[in-house]
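Working notes, beginning with the structure itself.
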Amino acid sequence: MNVTASDMLDIIRKKGRPTVNDYIPLIFDDFFELHGDRLYGDDGAIKGGIGYFKGTPVTVIAQVKGRNLEENKASNFGMPHPEGYRKALRLARQAEKFKRPVICLIDTAGAFCGVEAEQRGQGEAIARDIMEFMTLRTPIISIILGEGGSGGALALGVCDELAMLENAIYSVISPRGFASLLWKDASREREAADIMKITASDLKKLGVCDCVIKEPGEGAHTDKEAAAAFIKEYIGAALKRKLKKGLDELLEERYNKFRVIGEFTEADKG
Amino acid sequence: MNVFSVVRKRWGSVSPEDNNAKKPDIPTDLLFKCPRCGTVSFSEEFNANGKVCVNCNYHSRLTARERLDITIDKGSLVEFDKGMLSKNPINFPGYEEKQQKLRDRTGLEDAVVTGKCRIRNREVVIIVMDSHFLMASMGSVVGEKITRAFEYATANRLPVIAFTASGGARMQEGIVSLMQMAKTSGAVARHNEAGLLYITVMTDPTTGGVTASFASLGDIIIAEPKVLIGFAGRRVIEGTIKQKLPDEFQSAEFMLENGFVDMIVDRKKMRRTLAHLLALHDSDGGGSV
Ligand SMILES: [Zn+2]
């Protein structure tokens with residue numbers, strides 16, 4: 001069966017699709033959540049903490065989509081404010097200090113768009129994460145679990161390896177936003193999804209996604225333990241690949257991973 | 001919401017759209033209508049004033065050439081990467097044609113001019129975005145030229161001055177556009193680690209993915225008066241909060257107030273301000289202490 005991008009939109013929106021609240025206990029041991037950005041507040045849309053991955057201490061930074069209304073209220077439906085991105089940066093620097101790898105779990109429609117978010121510098125907060133993650137001296141593995149929406153996802157997506165779950169999408173803007181921006185008609189969301197090149201296999205071809213993580217059955221919602229096991233297997237292999245590299249080599253490769261993306265022609269140089 | 005009442009008190013409460021909604025259409029080439037205060041002035045007068053609104057001091061958009069003319073030492077520009085053109089990475093229908101039309105109309109190849117130049121005889125790498133080309137959205141060419149400009153500056157130990165303007169990501173290039181945020185910010189990071197100066201000048205409008213990447217990463221961030229600066233689009237926010245935002249929301253002044261801009265500088269003082277800042281960072285400044 002050929003699953004299109006718009007089918008994937010349905011799959012990742014299925015009630016019961018596992019979120020980081022399901023995955024963290026299944027993948028990490030002795031997870032301690034750490035709160036706050038030390039500047040303004042604690043953003044429930046980004047959960048951060050430390051724990052063991054198969055015996056290795058790691059830092060986890062994860063975007064929280066709620067499984068019910070109550071969780072969604074606490075996590076603002078997974079749409080972070082600037083303090084969420086600043087918490088992410090604080091924990092990333094802490095990981096660097098203690099030489100812990102960072103595992104980012106991405107699942108957001110995008111950074112929150114609101115008055116307070118603008119006042120507290122949403123743009124600056126995202127920009128700072130992107131820049132500092134680029135030179136963070138510890139391995140970073142990012143995984144898109146469902147939706148990877150725009151700069152709000154990229155803030156946790158500057159990494160040594162980017163993986164996507166089989167049905168996850170990653171886009172410059174949500175398909176809905178794309179349709180309303182370019183065609184002034186948000187209802188053409190599915191059509192937008194199908195032309196935007198947002199699936200894991202599209203993004204692998206474009207050099208954005210490094211690995212596609214298999215989902216069980218019709219999607220992760222059909223067996224969350226199995227989905228977690230696939231993710232766990234991937235993280236283990238990715239960490240093995242990255243931990244054996246020297247930090248300078250790692251950073252050079254991280255820089256180049258993004259450096260080469262772009263398609264243009266050049267006038268012949270005389 | 002008390003946030004709005006504070007903003008309104010400070011910058012006045014009348015939105016220009018409300019103010020001018022009923023005025024008849026006027027030929028745009030003869031007259032300039034200020035998007036901030038709604039004042040209509042003769043183009044001649046407006047142009048003579050450096051494309052600044054005579055009533056409210058809103059600093060309107062310049063072309064990259066106009067910007068270079070008033071900023072750098074005459075004849076000092078060595079332009080980088082002329083002739084670089086975007087391909088169509090996600091095969092977006094009509095994108096090539098759209099680009100070609102804009103090239104013909106604007107004489108630009110894409111939305112940014114980069115190069116090496118002098119400002120009051122100090123060498124600097126300059127980046128000027130031009131909103132007349134697809135609202136200076138960031139696609140492959142914008143991302144690559146800015147990245148190369150920073151890499152050149154890092155290799156040659158030069159400061160960078162970037163005049164930013166952008167509607168955000170280039171939707172027609174999809175995810176490739178998003179990745180330019182990471183690419184450019186990576187190049188800024190290396191320039192930063194080399195201990196070199198980066199000055200951002202935010203001009204109208206600096207928004208979206210450009211605000212959320214290299215534009216917000218300057219050591220010193222300058223803005224022109226009354227320009228639009230923000231991350232999310234105003235309509236998106238209005239849709240979320242189901243309320244109309246005051247016109248002054250996301251202005252340069254709003255950003256200064258909230259701590260995201262170092263200073264607001266009038267266009268006529270910009271060149272001299274930049275020259276002073278460059279001098280202050282010159283390690284060979286000739287001080288006697
Ligand atoms: Zn005005």
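Residue numbering restarts at 1 for every chain, and letters A, B, ... go by the order of the sequence lines. Just so it is clear, the values below take in all heavy atoms, side chains as well, and ignore hydrogens, waters and symmetry mates.
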Any salt bridge between B/E79 and B/R65, counting N to O under 4.0 Å?
-> yes
Highest number of heavy-atom pairs under 4.5 Å with chain A: which of B/V210, B/I175, B/T184?
-> B/I175
Partner of A/D160 under salt bridge (Lys or Arg N to Asp or Glu O under 4.0 Å), picked from A/K242, A/R254, A/K257, A/K245, is A/R254
Please determine if A/R120 forms a cation-pi arrangement with A/Y40, meaning its NZ or CZ atom is less than 6.0 Å from the six-membered ring centre and no more than 45° off the ring axis.
-> yes
Ion pair A/K65/A/D107, N-O distance below 4.0 Å = yes
Within 45° cone and under 6.0 Å: B/R190 NZ/CZ vs A/Y255 ring = yes
Please state whether the side chain, the backbone, both or neither of A/M131 comes within less than 4.5 Å of a heavy atom of chain B.
-> both
With the threshold set at 4.0 Å, does a side-chain nitrogen-carboxylate oxygen contact exist between B/K101 and B/E97?
-> no
With a 4.5 angstrom heavy-atom cut-off, which part of B/D110 approaches chain A: side chain, backbone, both or neither?
-> neither
Could A/K87 and A/E83 be called an ion pair, given the rule that one side-chain N must be under 4.0 Å from one carboxylate O?
-> no
Is it the side chain or the backbone of A/I169 that comes within 4.5 Å of chain B heavy atoms, both, or neither?
-> neither
With chain A, which of B/L85, B/V176, B/I229 has the greatest number of heavy-atom pairs at distances under 4.5 Å?
-> B/L85
Within-4.5 Å side-chain heavy-atom neighbours: A/I11 and A/V3 = yes
When only pairs under 4.5 Å are counted, which of B/E238, B/M84, B/K82 shares the most heavy-atom pairs with chain A?
-> B/M84
Side chain, backbone, both or neither: which part of B/E151 has a non-hydrogen atom closer than 4.5 Å to chain A?
-> side chain
Partner chain B: residue of A/I173, A/N256, A/V158 with the largest heavy-atom pair count (under 4.5 Å) | A/I173
Tell me, for B/R170 versus chain A, whether the close heavy atoms (under 4.5 Å) come from the side chain, the backbone, both or neither.
-> neither
Among B/L217, B/T240, B/V236, single out the residue with the greatest number of heavy-atom pairs under 4.5 Å to chain A.
-> B/L217
Interchain contact, A/S171 with chain B, by part (heavy-atom threshold 4.5 Å) = backbone
Looking at B/A212, B/G230, B/S140, B/S216, which one has more heavy-atom pairs under 4.5 Å with chain A than the rest?
-> B/A212
Mark yes or no for whether A/E118, through its side chain, and B/F231, through its backbone, hold a donor-acceptor pair below 3.5 Å.
-> yes
Partner chain A: residue of B/A187, B/P93, B/S177 with the largest heavy-atom pair count (under 4.5 Å) = B/A187
Examine distances only and state if a side-chain atom of B/T206 and a backbone atom of B/T164 form a donor-acceptor pair shorter than 3.5 Å.
-> yes
The interface call for B/F214 against chain A, heavy-atom contacts under 4.5 Å, is neither
Contacting region of A/F178 [heavy-atom separation from chain B under 4.5 Å] = side chain
Could you look at A/L203 and say if it's the side chain, the backbone, both or neither that has a heavy atom under 4.5 Å from chain B?
-> side chain
Going by the angle between their ring planes, with limits at 30° and 60°, are B/F150 and B/Y198 parallel, tilted or perpendicular?
-> perpendicular
Can you tell which part of B/E193 gets under 4.5 Å to a heavy atom of chain A, answering side chain, backbone, both or neither?
-> side chain
Part of A/L182 lying under 4.5 Å from any heavy atom of chain B = side chain
